[in-house]
Asks: 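The following block contains the structure, expressed as structure tokens.
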Amino acid sequence: MSRGGSELDVPRVRGLFPALSDGFVHADGPGGALVPESVGQAVSQAMRVPIADRGGVFPSSGRAEALVSGARSAVADLVGARAAGVVLGPNMTTLTYGMARVLSRTWRPGDEIVVSRLDHDANVRPWVQRAEEVGVGVRWAEVDIETGELPAWQYDELLSERTQLVAVTAASSAIGTRPDVAGIAARAHQVGALVYVDAAHAVPHLLVDQRELDADFLAVSAYKWGGPHVGAVVADPALLGQLWPDQLAPGTDRVPDRFETGAPPYELYAGVAASVEHLAALCPDTTGPRRARLAVSMAAVGRYEAALQRRLERGLRSLPHVQVLGAAERRTPTVSFTVAGRRPRQVTAQLARRNVCAWDGDAGARELFDAFGVADSGGAVRLGLMHYSTVEEVDHLLQCVADLR
Ligand SMILES: Cc1ncc(COP(=O)(O)O)c(C=O)c1O
């Protein structure tokens, strides 16, 4: 494998995104990344050739089969897992609801689960709602609101012999915090609990490795890294083999297929594979297997984004009318803040007038914003940087926020 050219050539990278020609600063990446041309092309090419359903003996059916395995192996490479354990579905939320239904079948009244206040609600409510249905206790891991950290040590107290499941995020899409998932998982496994990790926000910013995180289940969503609207949950195929989700009578018993219902969006699966290839090819001089190329390119993404993040956060923290939420030691280039005297929606409206796309609200992390005490006042403004963001864009963002004074 060659390691040449292992820094991002950002002008080249930006040229891969036709969407960047709209003249806006896209600081809304945590809500959904821009899509590279190669992904759009892959989707449209898949729609220009005959594709039938899987399982037939004719070429258009074989093409569908290839698209499914192409998407599975791409997601597997992205998170360091086996393609045979990749369950595809419409999005992370729907898949997590499905997994919660299956996993909760063995829960008994008096059992417990542990969820966190750092998580997006998609990794909270599906578990809490099943727990309430079954009579299972819900324990909450708390965020230190000074630092934005989710301390791993608190799990020593939260876990018991009755804990069935721990749901935790690999990175918060609201404030960027990256908890010590491996430390939490080690504690959970000591009491025999399963660990369900939301890696939707982590995957676009770092090389995620399911084994390193020690996650029994890892959930992702392709539109967060530049792919189409397709989600995936990844697990050990042997673990999936012990679970029996609802299926139609003519459905299949095979793993992971038995976790997928109905006709899949084959053309979008072509886009999933292309989007992982986009990430793997960000340092185009690097050669070798896709996972190895991803290791090089995601390291370059991490270095580049960290520099932008430092600049953005230093600038925001220097503004007396800005209050940044959290400052965890390890975090993605995603920051939420409030502006004195203005509601977050007023701020994002002002930013939009200056060609900035930015979200306001609770970033889907209702529990976290409640903990910060800002949920009832419109939440916060969130700025998220991606590998296609630039220093000039960061400076424009800072100028816009400074001018709100
Ligand atoms: C961290 C995180 N997890 C989960 C989700 C839900 O993903 P999906 O839209 O694929 O259901 C989001 C979406 O915003 C998210 O940011």
Side-chain angles (χ1 to χ4, degrees), residues 26-35 71 75 78-79 86-101 115-129 141 143 148 150 166-179 181 184 195-206 208 210 213 215 217-234 259-260 264-265 268-269 271-272 275-276 325-326 328 330-336 357-369 379-386:
H26 291 273
D28 56 336
L34 297 180
V35 176
V75 171
L78 190 62
V79 300
V86 175
V87 176
L88 299 167
N91 51 52
M92 183 273 177
T93 306
T94 307
L95 283 164
T96 303
Y97 263 114
M99 284 299 174
R101 191 163 59 228
V115 291
S116 101
R117 289 203 208 278
L118 182 65
D119 272 76
H120 188 285
D121 215 48
N123 201 26
V124 173
R125 222 49 55 187
W127 307 113
V128 169
Q129 288 165 353
V143 175
L150 182 79
V166 173
V168 68
T169 189
S172 157
S173 58
I175 58 170
T177 303
R178 292 173 48 206
V181 172
I184 294 167
V195 179
Y196 193 97
V197 175
D198 175 5
H201 182 63
V203 156
H205 301 293
L206 56 132
V208 166
Q210 183 181 10
L213 294 178
F217 298 88
L218 190 94
V220 295
S221 209
Y223 74 94
K224 303 286 190 184
W225 73 71
H229 287 81
V230 170
V233 173
V234 184
F259 291 83
E260 300 167 350
L268 299 186
Y269 288 1
V272 170
S275 65
V276 174
L325 305 183
R330 296 189 320 154
R331 56 192 191 274
T332 62
T334 294
V335 55
S336 283
C357 304
W359 279 106
D360 60 273
D362 62 16
R366 178 60 59 86
E367 299 287 340
L368 178 67
F369 280 61
V381 178
R382 178 179 67 182
L383 298 178
L385 305 173
M386 299 290 296

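Numbering starts at 1 and runs along the sequence shown. First listed ligand is number 1; within each ligand, the first listed atom is number 1.
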Asks: Which bit of Asp198 is near ligand 1, meaning a heavy atom under 4.0 Å away: side chain, backbone, both or neither?
Replies: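 Side chain only.
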Asks: Counting each atom of ligand 1 from 1 as listed, which ones have a heavy atom of Ser221 under 4.0 Å away?
Replies: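 Those atoms are 8 (P), 10 (O).
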Asks: Hey, is ligand 1 close enough to Thr94 that some N/O pair sits below 3.5 Å?
Replies: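 No; the residue has no nitrogen or oxygen that sits under 3.5 Å from a nitrogen or oxygen of the ligand.
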Asks: Please verify whether a non-hydrogen atom of His229 lies at under 4.0 Å from ligand 1.
Replies: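 Judged by the 4.0 Å heavy-atom criterion, His229 does not count as contacting ligand 1.
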Asks: Can you confirm, on distance only, whether ligand 1 has an N/O atom lying under 3.5 Å from any N/O atom belonging to Ser173?
Replies: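 Yes; at least one N/O pair falls below 3.5 Å.
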Asks: According to the interplanar angle, ranging from 0 to 90°, do the rings of Tyr196 and Trp127 count as parallel (below 30°), tilted (30 to 60°) or perpendicular (above 60°)?
Replies: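 Perpendicular: the ring planes of Tyr196 and Trp127 meet at over 60°.
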Asks: Counting non-hydrogen protein atoms only, what is the nearest one to atom 6 (C) of ligand 1? Give residue, atom name and distance.
Replies: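 Of the protein heavy atoms, Thr93 OG1, 3.6 Å lies nearest.
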Asks: What's the separation between atom CG in Leu325 and atom OG in Ser336, rounded to the nearest 0.5 Å?
Replies: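 Reported value, rounded in 0.5 Å steps: 6.0 Å.
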Asks: For Lys224, counting its heavy atoms only, list the atoms of ligand 1 lying under 4.0 Å from any of them.
Replies: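 So the atoms of ligand 1 that pass are 12 (C), 13 (C), 14 (O), 15 (C), 16 (O).
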Asks: Any nitrogen or oxygen of Met92 lying under 3.5 Å from a nitrogen or oxygen in ligand 1? Just yes or no.
Replies: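 Checking ligand 1 against Met92, an N or O pair does fall under 3.5 Å apart.
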Asks: Should Val233 and Phe259 count as side-chain neighbours, where that means a heavy-atom distance under 4.5 Å?
Replies: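 Side chain of Val233 against side chain of Phe259, heavy atoms only: no contact under 4.5 Å found.
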Asks: Could you give the distance from NE2 (His120) to OG1 (Thr169), rounded to the nearest 0.5 Å?
Replies: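 Taking NE2 in His120 and OG1 in Thr169, the distance rounds to 9.5 Å.
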Asks: Minimum heavy-atom separation for Asp121 to Pro126, with atom names?
Replies: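 Heavy-atom minimum between the residues: O-CD, 3.5 Å.
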Asks: If you count the atoms of ligand 1 from 1 in the order shown, which ones are under 4.0 Å from a heavy atom of His120?
Replies: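 Those qualifying, in numeric order: 1 (C), 2 (C), 3 (N), 4 (C), 5 (C), 6 (C), 12 (C), 13 (C), 14 (O), 15 (C), 16 (O).
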Asks: What atoms of ligand 1 come within less than 4.0 Å of a heavy atom belonging to Asn91?
Replies: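 This gives 8 (P), 10 (O), 11 (O) as the contact atoms.
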Asks: Over all heavy atoms of both residues, which pair between Thr332 and Ala171 is shortest? Give the atoms and the distance, please.
Replies: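 Heavy atoms of Thr332 and Ala171 come nearest at CG2-CB, 3.8 Å.
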Asks: Suppose we measure from atom 9 (O) of ligand 1 to each protein heavy atom; which comes out shortest, and what is that distance?
Replies: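 The answer is Tyr223 OH, 2.5 Å.
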Asks: Could you point out which residue of Val79, Val75, Val276 forms a side chain to side chain contact (heavy atoms under 4.5 Å, CB included) with Val203?
Replies: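 Exactly one option meets the side chain to side chain contact (heavy atoms under 4.5 Å, CB included) with Val203, and it is Val79.
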Asks: Please confirm whether Thr169 approaches ligand 1 to less than 4.0 Å, judged on its heavy atoms.
Replies: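 It does not; every heavy atom stays at 4.0 Å or beyond.
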Asks: How long is the span from the CZ atom in Arg382 to the OG1 atom in Thr334, to the nearest 0.5 Å?
Replies: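 Atom-to-atom, Arg382:CZ and Thr334:OG1 are 7.0 Å apart.
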